[in-house]
Amino acid sequence: MTRPHTPNVRYGIIGCGMMGQEHLRNIALLPGASVSCIFEPDDAMAASSLALAPGARRASSLADVVTAADVDCLLIASPNFRHAEQLREIAALRPLPVLLEKPACTSLGDVRELAELGRRYPSPIWVAMEYRYMPPVARLTEEVHNTKNTGPVTMLTIREHRFPFLVKVGDWNRFNRYTGGTLVEKCCHFFDLMRHMTRSEPVRVYASASVAHNHLDERYPEGTPDILDNAYVIVDFASGQRALLELCMFAEGARYQEEISVVGPVGKAECFVPGPGRFWPAHLGEPPVPKVIISPRHPKGPRELDVPVDPVALAAGDHNGSTFYQHQRFNAVVRGQGQVEVSLSDGLAAVVMGLAAQESARTGQAIDLTRGDFALTGLGTQH
């Protein structure tokens with residue numbers, strides 16, 4: 001991994017749990033980047049984070065990070081339900097460039113408030129949709145957008161078969177009220193990919209989902225966890241394209257964690273993405289290599305392409321190297337050498353889609369995204 005000289009960008013980190021620490025490991029790989037201070041209320045997580053960024057100091061509050069003279073930009077990696085309130089506090093204190101972990105927020109009320117905040121915010125806000133930057137997914141997106149091997153894409157299918165939610169500080173990720181629901185917390189990535197690949201806006205969402213197996217033996221003061229662990233979600237787009245999400249969170253025995261396919265009149269393109277390498281059983285040898293497969297209709301004959309990931313970036317997190325590639329681009333934006341690729345409006349649209357899917361699964365009814373509470377109008381999302 002080459003490391004050309006670049007001006008230093010100094011990060012302030014808000015929230016240093018599992019995902020915050022993945023960001024710290026990846027920032028450490030960036031030339032010209034450093035972490036000045038962190039705000040993390042949990043002592044154990046703070047200690048682990050400072051070990052990853054030994055030049056940083058621990059702040060006593062979010063305000064201490066935001067107002068620090070040696071901070072050029074912010075990363076918010078706190079629990080989902082804190083994102084909106086923290087972004088509002090940052091806007092009032094010192095509106096620095098922000099990399100905001102997904103989901104941007106967890107409720108329709110916060111969606112509307114953050115949409116208005118985003119129109120006034122004078123600095124870049126980038127929502128951390130890492131899946132766009134997984135090398136096999138980025139390669140598949142190129143296929144979708146150039147249409148040479150597929151033609152205009154008609155159908156998009158995303159399958160994620162993975163492990164259950166991991167343990168977080170206080171197990172906040174066990175309840176819809178804190179996460180926004182599984183189809184927001186986990187699946188906003190996939191709804192973002194749908195919009196990104198189709199270059200169109202969703203008009204209708206229908207979901208069927210349940211809590212079938214995971215976490216049902218756990219007990220908390222709030223009760224039994226209510227987060228969904230399996231779902232089908234169908235999304236219709238204004239362009240006439242349609243997409244399907246298939247989620248299963250008790251299928252970690254699969255070879256690949258994500259399988260994405262796009263189909264058009266000329267052919268089909270697919271990508272296959274393995275899960276985190278640290279979960280791959282050692283007795284099975286090396287983890288699978290990500291793949292893209294191009295399958296034309298005429299002449300028939302699939303072409304299979306390996307899409308390996310830089311091993312240093314791969315080892316720095318659980319997202320197929322994407323966190324590093326995302327930071328490269330965000331870092332360039334902070335230095336005035338790039339453009340935001342995943343806007344706050346993009347992040348809010350993905351939240352609305354997830355909340356609509358949650359509501360559809362609850363009621364059994366399709367949700368119209370062109371009118372009423374779930375309408376995307378006003379978010380600035382039109383392609």
Side-chain angles (χ1 to χ4, degrees), residues 80-81 83-84 100 102-119 125 127 129 131-132 141 144-145 152-160 176-177 179-210 227-228 230-247 260 262-263 341-383:
N80 301 358
F81 63 97
H83 292 178
L100 174 64
K102 62 82 190 167
C105 58
T106 59
S107 73
L108 288 176
D110 281 337
V111 166
R112 303 304 168 191
E113 287 192 25
L114 291 187
E116 180 59 33
L117 180 151
R119 284 187 279 271
I125 299 176
V127 179
M129 294 294 189
Y131 280 61
R132 287 197 190 194
T141 302
V144 173
H145 288 169
V153 172
T154 305
M155 302 174 69
L156 166 62
T157 301
I158 300 175
R159 171 186 290 168
E160 181 171 69
N176 292 332
R177 66 174 70 89
T179 66
T182 299
L183 299 178
V184 174
E185 204 288 331
K186 182 69 204 74
C187 300
C188 63
H189 276 306
F190 303 127
F191 298 132
D192 176 67
L193 283 180
M194 290 176 184
R195 291 183 64 251
H196 181 48
M197 288 186 175
T198 63
R199 290 174 167 167
S200 183
E201 294 301 339
V203 296
R204 187 179 302 102
V205 172
Y206 173 73
S208 177
S210 75
I227 47 172
L228 301 170
N230 69 100
Y232 289 105
V233 183
I234 297 172
V235 183
D236 292 329
F237 284 85
S239 57
Q241 297 163 298
R242 57 178 50 86
L244 169 70
L245 169 66
E246 177 187 325
L247 174 72
I260 305 175
V262 294
V263 184
E341 296 176 14
V342 191
S343 68
L344 180 58
S345 294
D346 291 325
L348 295 176
V351 169
V352 172
M353 294 171 73
L355 290 170
Q358 288 282 142
E359 180 68 3
S360 178
R362 186 184 71 84
T363 64
Q365 302 297 312
I367 304 298
D368 188 339
L369 299 183
T370 66
R371 65 181 71 183
D373 292 343
F374 291 93
L376 290 176
T377 54
L379 300 186
T381 58
Q382 287 73 25
H383 287 268

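None of the values given here were measured: they were computed from a predicted structure.
- For C188 against M129, the heavy-atom pair with the smallest separation is O-CE, 3.9 Å.
- D236 contributes no side-chain N or O that, together with a main-chain N or O of R242, makes up a donor-acceptor pair within less than 3.5 Å.
- Here the CG atom belonging to L193 is positioned 11.0 Å from the SG atom belonging to C187, to the nearest 0.5 angstrom.
- Between L355 and the choices L108, L183, I367, D373, the side-chain contact (heavy atoms from CB on, under 4.5 Å) rule is met once, by L108.
- Minimum interatomic distance between A104 and L114 (heavy atoms only, all atoms of both residues): O-CD1, 3.8 Å.
- A distance-only check finds no donor-acceptor pair linking the side chain of T179 to the backbone of E185 [under 3.5 Å].
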For this session: Step by step, work out the side-chain contact (heavy atoms from CB on, under 4.5 Å) result for M197 and V153.
Result: CA-CA 9 Å; M197 288 186 175; V153 172; over 6 Å; no
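- Note: N176 CG to L228 CG = 6.5 Å, rounded to the nearest 0.5 Å.
- A perpendicular orientation is assigned to the rings of H145 and H196, their planes being inclined by more than 60° (bins at 30° and 60°).
- Considering only residues two or more places apart in sequence or on other chains, S343 meets the side chain to side chain donor-acceptor pair (under 3.5 Å) condition with D346.
- Among all heavy-atom pairs drawn from A357 and V233, the shortest one is CB-CG1, 4.0 Å.
- Looking only at distances, a side-chain donor or acceptor of H83 sits under 3.5 Å from a matching main-chain atom of P103.
- A side-chain donor-acceptor contact under 3.5 Å links Q358 to the backbone of T182.
- Considering every non-hydrogen atom in both A243 and F237, the closest pair reads CB-CE1, 4.0 Å.
- Across all non-hydrogen atoms, the minimal contact from L376 to P202 is CD1-CG, 3.5 Å.
- Rounding to the nearest 0.5 Å gives a distance of 5.5 Å between NZ of K102 and NZ of K186.
- Checked against side chain to side chain donor-acceptor pair (under 3.5 Å), Q365 has no partners two or more places apart in sequence or in another chain.
- With rounding to the nearest 0.5 angstrom, the CG atom of L244 is 7.0 Å from the CE atom of M194.
- Side-chain atoms of T106 never come within 3.5 Å of backbone atoms of G180 as a donor-acceptor pair (strictly under, hydrogens ignored).
- Atom CG of L245 and atom CZ of F190 lie 6.5 Å apart (nearest 0.5 Å).
- The side chain to side chain donor-acceptor pair (under 3.5 Å) check on R112 picks up nothing, with sequence neighbours excluded.
- In this structure, Y232 places its OH atom where only 12 or fewer heavy-atom neighbours from other residues, nucleotides or ligands lie under 6.0 Å away.
- In terms of modelled atom types and a separation under 3.5 Å, the side chain of Q241 and the main chain of L156 share no donor-acceptor contact.
- Across all non-hydrogen atoms, the minimal contact from L348 to C105 is CD2-SG, 3.9 Å.
- The CG atom of N80 sits 11.5 Å away from atom OG of S107, with the distance rounded to the nearest 0.5 Å.
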